[in-house]
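First the proteins, then the strands, lettered A, B, ... as listed; each starts at 1.
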Amino acid sequence: MRIATWNVNSLKARLGRVEEWIGYARPDVLCLQETKLADEAFPGLAIEQLGYEWAHHGDGRWNGVAILSRVGLADVVTGFDDGRDDEAAETRAITANCGGVQVTSVYVPNGRSLDHEMYQWKLEWLDRLHAFVDRTTTPDGKAVVCGDFNIAPTDRDVYSPKSFVGSTHVSEPERKRLDALIEWGMVDAFREQYPDADRLYSWWDYRGGNFHKGLGMRIDLVLVTKALAGSVEFALMDRNARKGTAPSDHAPVFVDLAIA
DNA sequence: ATGGTAGCGCTGCTA
């Protein structure tokens, strides 16, 4: 089972690129973030024509997450279903059962800056995600949480750790939230496949020609439960999808699981 | 040099 994640930075602007990528990567499950669409504007026909069922949750301006699946799509949960009312938070997570695997597509808040209230909101959001995972599965269960975490797990995942000191994406509190998910029983599937490799990034700022200079960060992650970690046979960051005309600023990331 | 690019949508916000 090939499970992919891609922050597309507007599905309306990126539909052609997404269709093209699905055409050759043929993921079984594709998690999207930053669709920037309302549910009624989701291009369902185009996706269905490619052989996928889909579930989307968005407010139309910012955020917006989706799950596309050609191995079944059931038990859809939007947001965290924890009784709290925060639309901006809810449009950043969606979960579905895809072929027996509980898949969650997440768009973790950016945080803006360490002294901004949005940073505190980011940390709270990560705590809610942790609670959701703990409530809905176990390390022995088949579950995947993938998406744009807006966190670089370690300094190895940042092109210039020095220049990011004091910034979001690398701060200790947010990394501790990610570590807590790992300690709970999730595995960073991509890093497991490339334990010693540097410069494997998934996002490059549009500005300054950063992509072509190799200046990026690895912030798009595929976390799988320990039960699934042994089934990971391959993982890839598709840099080609970051090239060419009108790319997203993120590359798609996928892992192949040796399960039925 | 407090910049730069992209998307949304029409002004400035978000990333």
Side-chain angles (χ1 to χ4, degrees), chain A residues 5-21 31-43 46 56-66 79 86-94 105-126 129 146-153 157-160 162-171 173-175 177-178 201-221 237-253:
Chain A
T5 181
W6 195 4
N7 178 323
V8 292
N9 187 22
S10 170
L11 184 55
K12 186 182 175 186
R14 218 69 61 204
L15 182 57
R17 299 284 309 235
V18 171
E19 289 174 316
E20 178 191 26
W21 192 76
C31 295
L32 301 176
Q33 300 87 37
E34 273 205 275
T35 63
K36 298 187 178 180
L37 295 175
D39 292 342
E40 56 268 27
F42 188 86
H56 176 265
H57 191 44
D59 65 14
R61 290 163 295 183
W62 297 298
N63 312 326
V65 285
D86 181 349
E87 186 65 10
E90 300 298 323
T91 55
R92 291 170 172 272
I94 189 168
S105 175
V106 299
Y107 176 41
V108 178
N110 175 289
R112 300 197 194 173
S113 61
L114 300 191
D115 59 357
H116 200 284
E117 61 180 9
M118 290 292 277
Y119 176 71
Q120 292 306 317
W121 188 65
K122 178 181 193 175
L123 299 181
E124 289 167 22
W125 196 96
L126 288 163
L129 173 63
C146 59
D148 178 359
F149 277 75
N150 272 314
I151 301 170
D157 301 304
V158 184
Y159 71 87
S160 174
K162 248 186 230 174
S163 63
F164 279 89
V165 171
S167 299
T168 60
H169 295 63
V170 303
S171 73
E174 56 197 296
R175 279 179 169 169
R177 263 66 176 192
L178 181 58
Y201 307 134
S202 66
W203 169 86
W204 300 260
D205 200 307
Y206 281 122
R207 297 169 289 190
N210 276 14
F211 175 71
H212 300 285
K213 295 175 187 167
L215 307 179
M217 302 177 86
R218 191 175 71 91
I219 57 176
D220 299 272
L221 310 177
M237 189 91 68
D238 188 0
R239 288 172 48 90
N240 285 325
R242 178 62 175 79
K243 300 174 181 173
T245 307
S248 168
D249 46 351
H250 296 251
V253 179

For [X], give me all partners under side-chain hydrogen bond (donor to acceptor under 3.5 Å, both in side chains), at least two apart in sequence or on another chain.
X         : answer
Ser171(A) : Tyr119(A), Glu174(A)
Ser248(A) : none
Tyr201(A) : none

(message) Going by ring pair (Phe, Tyr, Trp, His ring centres under 6.0 Å), name the residues that satisfy it together with Phe164(A), two or more places apart in sequence or in a different chain.
(response)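 Counting only residues at least two positions away or on another chain, Phe164(A) forms a ring pair (Phe, Tyr, Trp, His ring centres under 6.0 Å) with Tyr159(A).
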(request) Under the ring pair (Phe, Tyr, Trp, His ring centres under 6.0 Å) rule, collect the residues that match up with His57(A), sequence neighbours excluded. (result) none
Close N/O contacts between protein and nucleotides 12-15 of chain B (under 3.5 Å):
from    : atom 1 : to        : atom 2 : distance (Å)
dT14(B) : OP1    : Arg112(A) : NH2    : 3.2
dT14(B) : OP2    : Arg112(A) : NH1    : 3.1
dT14(B) : O5'    : Arg112(A) : NH2    : 3.3
dA15(B) : OP1    : Arg92(A)  : NH2    : 3.1
dA15(B) : OP2    : Arg112(A) : NE     : 3.2

(request) Would you tell me if any nitrogen or oxygen in the side chain of Ser10(A) comes within less than 4.0 Å of OP1 or OP2 on dA6(B)? (result)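 No.
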(request) Determine the interatomic distance between P on dG12(B) and the same-named atom on dG3(B); round to the nearest Å. (result)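 Per the computed distance, 16 Å lies between those P atoms.
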(request) Using atom CZ of Arg61(A) as one end and atom P of dC10(B) as the other, report the distance to the nearest whole Å. (result)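 It works out to 12 Å between those atoms.
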